[in-house]
Amino acid sequence: MKVERGRDLAKITWGSLAILACTAAMAALPWLGVTSYVRTLVYYGAYFLALGQAWNLMSGLTGYVSFAHGALAGIGAYAVVLALNADLPMVISLLIAAIAAGLASLIIGVTSLRLKGTSFTFATLFLQELVLLLVRKLPFAGGPGGIVLEEIFPLWLPHVLMIAVAGGATLLVLVFRRSRTGLRVLAMRDDEAAASAIGIDATRVKIVLFCASAAIAGLTGAVHGVFASSLFPNEVFSIDLSIIALAVPLIGGAGTALGPVLGAVIYVGLREILQVLAPNLHLTIVGVVLLLVILFMRDGIAPALGRLFRLKDRRGQVPAIAEVRA
Amino acid sequence: MSGILTVVDAHKRFGGIHAVRGVSLALNSGELLGLFGPNGAGKTTLFNMIAGLYPPTSGRIELASRDVTREPAFRRARAGIGRTFQVCRPFRGLTVAENVLAAIPPGSGVGDDRARAREILDAVGLLPKAEDAAGSLTLGMLKRLEVARALALEPKLLLLDEPLAGLTASETSDLLGFIQGLKARASIILVDHNVRQSLGVCDRAIVMDAGAVIASGSPDTIRRDPGVRRAYLGESAA
Amino acid sequence: MTFPLFLQLLTNGLVVGALLAIVALGVALIFGVVRVVNFAHGEFVTLGAFATYLVVTQLNISPLLGIPLAFVLGAAVGAGIQAAIVSRAAGRPELDVLMVTYALSIIGLGIFSSAFSGDFRSYSEGPSGIFTLGSVVIGLRSLTVLLVCLIVGVGTILVVQRTRIGLALRALAQSRDSAAACGINVPAAELFAFALAVGLAAAAGALVSLIGTIHPRVGHDLVLDAFVVVVLGGMGSIGGAVLAAIAIGIVNAFTSFALDDSWARILTYCLLYATLLLRPHGLLGRHVGA
Amino acid sequence: MTHLSRRSVLGSAAAVASTFAVVKARAADPIKFGASLSLTGRFSDSAKYVQEGYLLWAEQVNAKGGIKGRPVEVVIYDDESKPDTGRVLAERLLDRDNVLAILGPYSSPITDAMATALERAQVPMIGTIASDSSIWARRRLRWTFQGFPSSDFDHEGFLKVIKEKGQGSKKLAIIFEEAPFSIAAKDWALPVAKEMGLTVEAFGYNPGAQDFRSIIERMIASGTEMVSMGGYYQPSIALTRQMIERGFNPVAFHFIQAADGVTKEALGAQVEGVFGRSSWEATIDTPANKAFVAAYQAKYGRIPSYHSAAAFAAGQAFQGAIEEKGADRAGIREALASSKIETVLGTFHTNQRGQQDGYHYASTQWQGGTSYVVSGPSARAPLWPKPKWS
């Protein structure tokens with residue numbers, strides 16, 4: 001057992017260092033003379049990764065599928081623009097955005113997290129629509145015309161911020177899923193009844209996780225709000241963003257820390273390639289990739305690759321509880 | 001010897017857990033076989049393999065000389081394996097009569113099937129409750145309902161998974177009497193974790209522990225078996 | 001509000017609610033029997049709408065004939081998809097199964113968008129004119145929709161409530177293991193349920209094409225409302241979904257009249273969250289165990 | 001009903017043509033323009049017409065020896081109708097393709113998204129189909145110009161017809177979508193209509209709405225005589241059909257998309273007497289317009305839609321700007337901000353915020369199966385009242 005912990009610790013340490021190094025390198029891009037096209041791609045990669053990790057923290061670890069992460073990011077974007085326009089400093093504004101998204105997540109969490117996963121999924125699915133309707137009706141949120149950030153910030157600011165959020169979220173998932181609570185949450189995903197039996201307050205854990213996950217989504221949306229600087233409700237609260245938030249970790253490997261990184265790279269790459277090769281089929285192909293990964297790789301590309309290269313580790317492992325139940 | 005069920009060297013692994021380790025058994029027609037063992041002995045796993053909930057990792061299962069090892073549960077049910085569940089799983093939203101009707105092979109006509117369902121309900125003493133929702137029955141009645149459902153299949157083999165669990169003393173003796181009466185209709189395997197309770201009604205018995213058979217034979221042989229005594233002493237000490 | 005106006009709004013709401021009910025019935029059937037939230041259900045509605053559009057405009061067939069054609073096409077496609085794709089994910093964690101239908105939805109949306117472009121299409125063939133009953137005015141197209149929904153809806157409910165196949169479906173919805181133990185052919189029953197539900201969706205699509213415009217997102221938009229209704233009706237309860245659909249259709253007609261349709265939708269969603277919080281088994285539902 | 005097959009064949013032909021234009025890049029230092037169009041997704045259909053207009057313009061310019069002797073090249077990508085993709089494509093067009101200026105995308109949100117990137121990079125863009133002038137109202141855009149008649153004036157033409165022909169009809173209903181352009185148009189029209197002595201009611205609906213029955217009941221309840229619908233095409237058709245089904249016959253009915261040819265397909269004979277508004281008509285009798293229509297018909301085999309005309313006009317506006325101030329970004333910006341440039345849409349001119357004030361809508365009406373211009377000199381007389389639904 002001790003050895004296990006030791007190896008875990010080493011993994012966490014090296015993983016964290018690698019993430020920090022990557023984050024630093026990516027964040028330094030604006031000063032390294034790469035073209036703004038590459039920078040934009042990296043920015044969007046980080047944006048999707050941050051969203052994906054936010055989703056991963058909740059849905060990847062608990063198995064409760066959220067369709068609300070696009071809307072939560074949208075709430076963050078709106079909050080940051082309103083706060084900055086009210087002349088609040090950047091740090092406070094970002095904090096407000098994270099809190100706003102966290103509070104919104106409580107509505108879903110409290111209403112549906114006591115229930116089965118399907119209820120939660122529905123509750124998240126409708127949040128999108130409800131927030132969109134409300135925002136269009138609220139005068140202070142600009143109504144249907146949306147809102148504009150009065151000050152246009154230099155591009156390096158959202159760039160650095162977004163990469164920091166993406167790196168931080170990845171680090172958080174890496175450390176959390178190997179923590180005591182994290183392991184319990186994973187146990188809960190496989191068998192909630194069993195997890196309750198060993199003394200996990202499943203509902204509370206889920207609500208807290210969802211709140212944290214929403215705060216990260218809100219922060220991500222806020223940074224993107226600074227980047228985009230002009231928000232239309234129909235675009236900010238469109239289901240597309242929620243799809244990306246779940247496609248990125250699912251393709252890469254939901255419930256793992258590094259899977260979404262791979263997922264974000266694949267997603268952005270695929271999109272750019274298809275842009276030129278088969279613009280008409282982009283949506284279809286993303287769907288097909290998602291379907292194939294779910295049907296044939298189960299837990300995503302990263303774990304599948306891991307199994308391919310380290311077959312030894314796989315043997316003698318304790319079986320997944322789902323298998324036992326089957 | 002007319003064998004109803006033959007299990008040959010059945011194993012079941014769930015990943016690293018070896019739940020059933022090479023169990024073989026044979027059941028003759030009209031026989032009531034007791035299957036005993038402490039919790040976690042592998043009884044239910046063996047049961048589920050026979051019923052077809054999942055296939056064995058290795059080994060063979062034959063029903064009346066027909067290899068059913070790889071057949072899904074519903075096909076085995078049609079071939080004549082009726083079962084009850086340890087934790088009752090009635091169709092709660094359906095009426096008692098509909099519960100039984102669901103298991104009657106679609107036959108001559110809906111009217112005939114309904115009459116047949118009532119006949120079976122009468123046999124288990126649930127006819128007065130026929131139009132009630134199954135969810136409203138007491139535990140003892142639910143157990144009978146599950147038996148009725150299994151009987152509707154006109155089974156060659158009845159698998160009763162801990163039918164006595166949770167019942168009061170009088171319900172227990174009622175049900176045991178009822179089960180004995182069923183021998184005329186089908187061969188039976190009766191699972192119980194408590195040897196003493198139902199050994200008396202069995203023609204033959206098998207005792208399992210940790211996935212393997214530790215004793216088998218007539219009720220008397222089982223009673224005298226030192227291994228069985230040890231297993232049960234161990235259980236009660238724990 | 002005058003009484004004629006009341007009746008008119010009631011009728012209007014009924015048309016919208018009836019159409020929604022057919023879609024929701026399919027969603028509830030699949031959810032109840034196959035245990036799958038079919039996110040691709042809307043794409044099957046779109047399929048029916050485009051199929052009808054094509055037979056009407058290319059083959060000069062009446063849209064009324066397009067309704068059974070769409071049903072058959074939908075049932076065939078649904079059976080194929082259930083057998084080839086959805087059944088593969090059976091028994092896997094909820095997240096996986098959810099994502100399978102979700103991916104199917106994205107694929108369907110992509111295919112429709114690239115095959116038909118984002119165009120809004122419609123045709124003027126088929127019944128036209130007005131039917132007046134007392135003070136209530138209803139277009140013949142809407143009346144057709146209402147009647148077809150009534151026939152199809154009652155027919156489906158009769159199949160589920162009165163036939164042996166229906167009994168098998170209801171049994172399966174209550175307990176999978178017990179159903180198998182009762183000799184019910186589980187894969188076949190699931191296939192039947194899925195095919196029937198998708199057939200209904202496609203038929204609903206044909207009806208949508210009759211009274212609305214046809215575009216790649218037409219079903220996608222409708223199915224979100226169907227999900228609302230399924231939750232309100234108690235997830236998986238077919239009767240609950242139908243009642244909730246009709247209720248929502250009518251209530252929305254009145255709230256849209258009194259306020260506007262945005263507020264009507266906001267109120268619907270608030271009702272939805274309140275239901276999840278206070279009556280998670282639906283507005284009318286009792287607790288039905290697994 | 002050859003609508004479908006015709007459209008899809010042409011769609012693929014256009015896609016091939018655009019690739020070809022990229023490959024064909026000539027050695028002689030071309031002037032490059034970039035465009036991000038919604039070739040897939042919600043706006044794909046109309047965006048293809050825009051693409052056709054851009055390509056035709058480039059072809060025509062090159063056939064006449066280019067702009068100041070330099071050939072023109074248009075690089076087009078697909079933004080899938082998503083603003084985020086538009087942002088990436090803006091960077092791609094500037095960085096990888098080194099375009100001089102941007103020909104606008106199809107929808108307003110994408111125009112707005114790209115405008116942010118272009119403000120930073122200081123690259124001029126013409127919002128080709130951006131009728132929504134709220135993009136320029138909500139913030140100051142220095143590098144993006146509206147290249148389409150402003151949506152603020154959506155109801156203007158119909159109000160003019162009422163003024164001339166109204167014959168005592170007083171009750172007007174304006175229906176608007178809860179979208180900025182539609183709200184702005186309603187806000188413009190309300191005081192004007194009141195000043196005309198009309199009683200006006202405004203009814204909003206949710207974007208994506210299919211069901212207008214409740215609004216119709218409200219109009220009937222309040223005795224509405226004239227209806228002006230300021231939303232998108234699809235809801236307009238839904239509204240019309242439900243009005244027909246309800247037997248609600250206003251004296252006059254206008255919806256802003258009615259002049260589209262597809263309206264007739266959707267409504268059949270019921271289209272008779274419906275008013276619309278038009279940013280451009282193939283029948284406009286100027287030599288430049290005639291040449292454009294002829295060239296388009298020769299290339300694509302049908303009458304161009306206003307999308308193609310606006311796209312062609314955007315190209316012409318850039319051409320005029322470059323001819324006046326040279327092929328540099330600041331010069332182009334200056335010309336677009338102040339000059340008057342003749343295009344097939346009319347006289348391109350923008351106000352201080354970059355909003356179009358040179359182009360105007362004409363009022364149209366369906367008469368005998370054809371949509372005619374019914375405002376301005378040499379126009380046909382409008383049919384009033386509208387014949388009842390048949």
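Reminder, nothing fancy here: chain letters follow the sequence lines and each chain counts from 1.
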* Portion of A266(D) that has a non-hydrogen atom of chain C nearer than 4.5 angstrom -> both

* **S262(C) and E178(D): side chain donor to acceptor below 3.5 Å** => yes

* Using non-hydrogen atoms and a 4.5 Å limit, figure out which bit of A264(C) sits close to chain D: side chain, backbone, both or neither. => neither

* Check: R241(D) side chain, G212(C) main-chain N or O, donor-acceptor pair, under 3.5 Å -> yes

* Let me know if L259(C) has heavy atoms under 4.5 Å from chain D in its side chain, its backbone, both or neither. => backbone

* **S256(C) OG to N206(D) CG distance, which is reported to the nearest 0.5 Å** => 9.5 Å

* Drop me the distance from D260(C)'s CG to F203(D)'s CZ, to the nearest 0.5 angstrom. => 11.0 Å

* Structure fact -> Heaviest contributor of heavy-atom pairs below 4.5 Å to chain D, chosen from S128(C), P216(C), G129(C), S142(C), is S142(C)

* **Euclidean distance, E265(D) CD relative to T57(C) OG1, rounded to 0.5 Å** => 9.0 Å

* Engaged part of V15(C) at the chain D interface, taking heavy atoms whose separation is under 4.5 Å -> side chain

* Taking the side chain as C-beta and beyond, is there a heavy-atom pair between L9(C) and S214(D) under 4.5 Å? -> yes

* With D211(D) via salt bridge (Lys or Arg N to Asp or Glu O under 4.0 Å) - residues at least two apart -> R213(D)

* To do: Any chance you could measure S122(C), atom OG, to I237(D), atom CD1, to the nearest 0.5 Å?
  => 6.0 Å

* To do: Would you give the length of the straight line joining atom CD of Q210(D) to atom CD1 of I211(C), rounded to the nearest 0.5 angstrom?
  => 8.5 Å

* Less than 4.5 Å apart, any side-chain heavy atom of I138(C) and any of E245(D)? -> no

* Asked: So which of Q8(C), R265(C), R141(C), H215(C) has the biggest tally of heavy-atom pairs under 4.5 Å with chain D?
  -> Q8(C)

* Structure fact -> Whatever's closer than 4.5 Å to a heavy atom in chain C on I244(D) counts as backbone

